[in-house]
Q: 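Supplied in structure tokens, the structure appears directly below.
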Amino acid sequence: MRYVVFDLETQNIFSDTGSSDPTSLDISVVSAYDKGTDKYTTVSVDEINKLWPIIEAADALVGYNSNHFDIPILNKYYPGDLTHIKSIDILESIKDSLGRRLRLDAVAKATIGAKKSADGLQAVRWWREGEVDKVKKYCEQDVKVTKEVFEYALEKGHIMFKDGYRKRELPLDTSDWLNKKDSSMTHSLPF
């Protein structure tokens with residue numbers, strides 16, 4: 001199955017918009033890993049159309065908190081409806097298993113020994129300072145970490161996390177992750 005692991009960064013934060021609705025935010029950068037080509041593509045908002053052929057080729061979109069955050073925001077820019085593509089939200093699977101959310105950084109450190117290179121607030125500051133390359137590098141690193149956590153969970157059926165000082169194993173139901181979904185996706189772009 002061809003999946004695309006993706007993440008996005010925003011130009012602003014909720015306190016800027018006066019809303020807690022993710023769609024009130026604006027994209028600065030999006031990064032995507034395409035399993036079909038084994039390539040990363042990272043674009044700023046003004047290049048976002050380069051991303052649509054990659055997304056439309058996917059059988060599934062993979063992210064971390066993507067159902068609640070990334071997909072609604074990205075859908076503002078997409079001329080179709082991304083909710084027609086199967087979504088695998090690792091954080092949602094963690095919450096289903098554990099009953100609470102875990103930060104990507106904590107999961108990545110415990111599971112694959114990797115960590116994020118910054119945080120979303122720093123990415124907003126970089127964007128505002130015109131440091132677009134730094135935002136792109138940070139976003140792509142998040143996609144690499146998310147991809148590795150996803151592939152680990154697929155192989156092992158669990159992720160790791162720290163609970164106080166103890167490292168714990170958290171089983172995840174990955175049985176449906178690689179099953180293709182019958183999709184009513186209609187590609188809106190001329191590819």
Side-chain angles (χ1 to χ4, degrees), residues 1 3-25 27-33 35 40 42 60-74 86-129 131 134-179:
M1 182 174 90
Y3 56 83
V4 170
V5 183
F6 78 107
D7 185 44
L8 62 81
E9 302 306 323
T10 61
Q11 299 177 29
N12 45 8
I13 57 176
F14 290 123
S15 62
D16 294 333
T17 66
S19 172
S20 60
D21 180 356
T23 63
S24 69
L25 301 174
I27 290 175
S28 60
V29 168
V30 182
S31 184
Y33 166 78
K35 174 69 173 169
Y40 290 86
T42 304
L61 299 176
V62 177
Y64 200 92
N65 195 29
S66 51
N67 286 345
H68 173 72
F69 189 78
D70 302 81
I71 290 174
I73 296 172
L74 193 57
K86 179 179 181 165
S87 174
I88 302 167
D89 186 335
I90 300 167
L91 180 59
E92 208 168 84
S93 295
I94 289 170
K95 189 172 181 236
D96 288 347
S97 182
L98 186 62
R100 64 184 170 98
R101 299 161 51 104
L102 296 171
R103 288 180 20 252
L104 175 59
D105 201 35
V107 171
K109 281 180 191 171
T111 304
I112 58 171
K115 64 180 189 171
K116 293 172 51 133
S117 58
D119 62 52
L121 292 177
Q122 181 61 54
V124 171
R125 283 191 289 275
W126 284 331
W127 178 262
R128 290 177 177 170
E129 293 165 1
E131 301 278 358
K134 285 184 180 178
V135 181
K136 284 181 172 182
K137 184 177 178 184
Y138 163 68
C139 190
E140 189 169 302
Q141 175 62 23
D142 268 8
V143 171
K144 288 177 181 176
V145 167
T146 302
K147 172 190 173 287
E148 287 184 39
V149 168
F150 173 72
E151 289 173 347
Y152 180 98
L154 269 176
E155 181 184 334
K156 309 275 189 191
H158 68 266
I159 52 99
M160 304 298 293
F161 73 102
K162 279 223 144 156
D163 189 11
Y165 293 103
R166 287 183 327 149
K167 196 182 220 186
R168 286 187 44 202
E169 185 177 296
L170 179 68
L172 296 182
D173 180 6
T174 62
S175 61
D176 188 47
W177 281 9
L178 293 185
N179 293 338

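Here the structure is a predicted model, which is why all the values come from computation and not from measurement. Keep in mind that the numbers below use all heavy atoms, side chains included, and drop hydrogens, waters and symmetry copies.
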Q: Test side chain to side chain donor-acceptor pair (under 3.5 Å) on S19 and D21; report intermediate values, then the result.
A: CA-CA 5 Å; S19 172; D21 180 356; 5.0 Å; no
Q: Kindly compute the distance separating OH (Y64) from CG (L91), expressed to the nearest 0.5 Å.
A: 4.5 Å
Q: Minimum heavy-atom separation for A123 to V135, with atom names?
A: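 Nearest heavy atoms, A123 then V135: O-CG2, 3.4 Å.
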Q: Quick one: does T111's side chain have a donor or acceptor within less than 3.5 Å of a partner on A108's backbone?
A: no
Q: Shortest non-hydrogen contact from F14 to S24?
A: CD2-OG, 4.3 Å
Q: Given side-chain contact (heavy atoms from CB on, under 4.5 Å), test Y40 with V143 step by step and report yes or no.
A: CA-CA 9 Å; Y40 290 86; V143 171; 3.8 Å; yes
Q: Quick check: does any side chain N or O of D89 sit under 3.5 Å from a backbone N or O of S66, one acting as donor and the other as acceptor?
A: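 A pair under 3.5 Å: yes.
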Q: Between atom CD of E131 and atom CH2 of W126, what is the distance when rounded to the nearest 0.5 Å?
A: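 Answer for the CD-CH2 pair, E131 versus W126, is 8.5 Å.
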Q: Closer than 3.5 angstrom, by distance alone: can the side chain of S28 be matched with the main-chain N or O of E9 as a donor-acceptor pair?
A: yes
Q: Just how far is it from atom CG of D7 to atom OG of S31, taken to the nearest 0.5 Å?
A: 7.5 Å
Q: Can you give me the closest heavy-atom contact between V4 and A32, atom names plus distance?
A: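 Residues V4 and A32, closest heavy atoms: CG1-CB, 3.8 Å.
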Q: Throw together a table of side-chain donor-acceptor distances under 3.5 angstrom for residues 95-102, partners on residues two or more places apart or in other chains.
A:
from : atom 1 : to   : atom 2 : distance (Å)
S97  : OG     : P171 : O      : 2.6

Q: Take D142 and K147 through the salt bridge (charged side-chain N to carboxylate O under 4.0 Å, His left out) test and state the conclusion after the steps.
A: CA-CA 8 Å; D142 268 8; K147 172 190 173 287; over 6 Å; no
Q: Treating K86 as the side-chain partner and N179 as the backbone partner, does any N or O pair qualify as donor plus acceptor under 3.5 Å?
A: yes
Q: Nearest 0.5 angstrom please: Y3 OH to S87 OG, how far?
A: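 One gets 14.5 Å once the value is rounded to the nearest 0.5 Å.
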Q: Pair F6, I71 - check side-chain contact (heavy atoms from CB on, under 4.5 Å), show working.
A: CA-CA 10 Å; F6 78 107; I71 290 174; 3.6 Å; yes
Q: Of all heavy-atom pairs between C139 and V29, which one has the smallest distance, and what is that distance?
A: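 Between these two residues, the closest heavy atoms are CB-CG1, 3.9 Å.
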Q: Hey, does N12 have a side-chain heavy atom less than 4.5 Å from the side chain of V124?
A: no
Q: Can you check side-chain contact (heavy atoms from CB on, under 4.5 Å) on F150 and I90, steps first, answer last?
A: CA-CA 7 Å; F150 173 72; I90 300 167; 3.7 Å; yes
Q: Side-chain polar contacts of residues 160-167 - donor-acceptor pairs under 3.5 angstrom, sequence neighbours left out - could you list them?
A:
from : atom 1 : to   : atom 2 : distance (Å)
D163 : OD2    : R168 : NH1    : 2.9
K167 : NZ     : A110 : O      : 3.1

Q: Is any side-chain heavy atom of V30 less than 4.5 Å from a side-chain heavy atom of L74?
A: yes
Q: Distance from L25 atom CG to F69 atom CZ, nearest 0.5 Å?
A: 5.0 Å
Q: Do E140 and K144 sit within salt-bridge range, that is, some charged N less than 4.0 Å from a carboxylate O?
A: yes
Q: The criterion is ring pair (Phe, Tyr, Trp, His ring centres under 6.0 Å); which residues satisfy it with Y152, sequence neighbours excluded?
A: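 Scan of Y152 (ring pair (Phe, Tyr, Trp, His ring centres under 6.0 Å), adjacent residues dropped) gives H158.
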Q: Counting only heavy atoms from other residues, nucleotides and ligands, does the tally under 6.0 Å from NZ of K35 exceed 12?
A: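 Counting neighbours around NZ of K35, 12 or fewer heavy atoms of other residues, nucleotides or ligands fall under 6.0 Å, so no.
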Q: Taking all non-hydrogen atoms of both residues into account, name the closest pair between A114 and V145 and its distance.
A: CB-CG2, 4.3 Å
Q: How many angstroms lie between atom OG1 of T174 and atom CD1 of I159, to the nearest 0.5 angstrom?
A: 12.0 Å
Q: Checking the side chain of Q11 only, and the main-chain atoms of I27 only, is there a donor and an acceptor separated by less than 3.5 Å?
A: yes
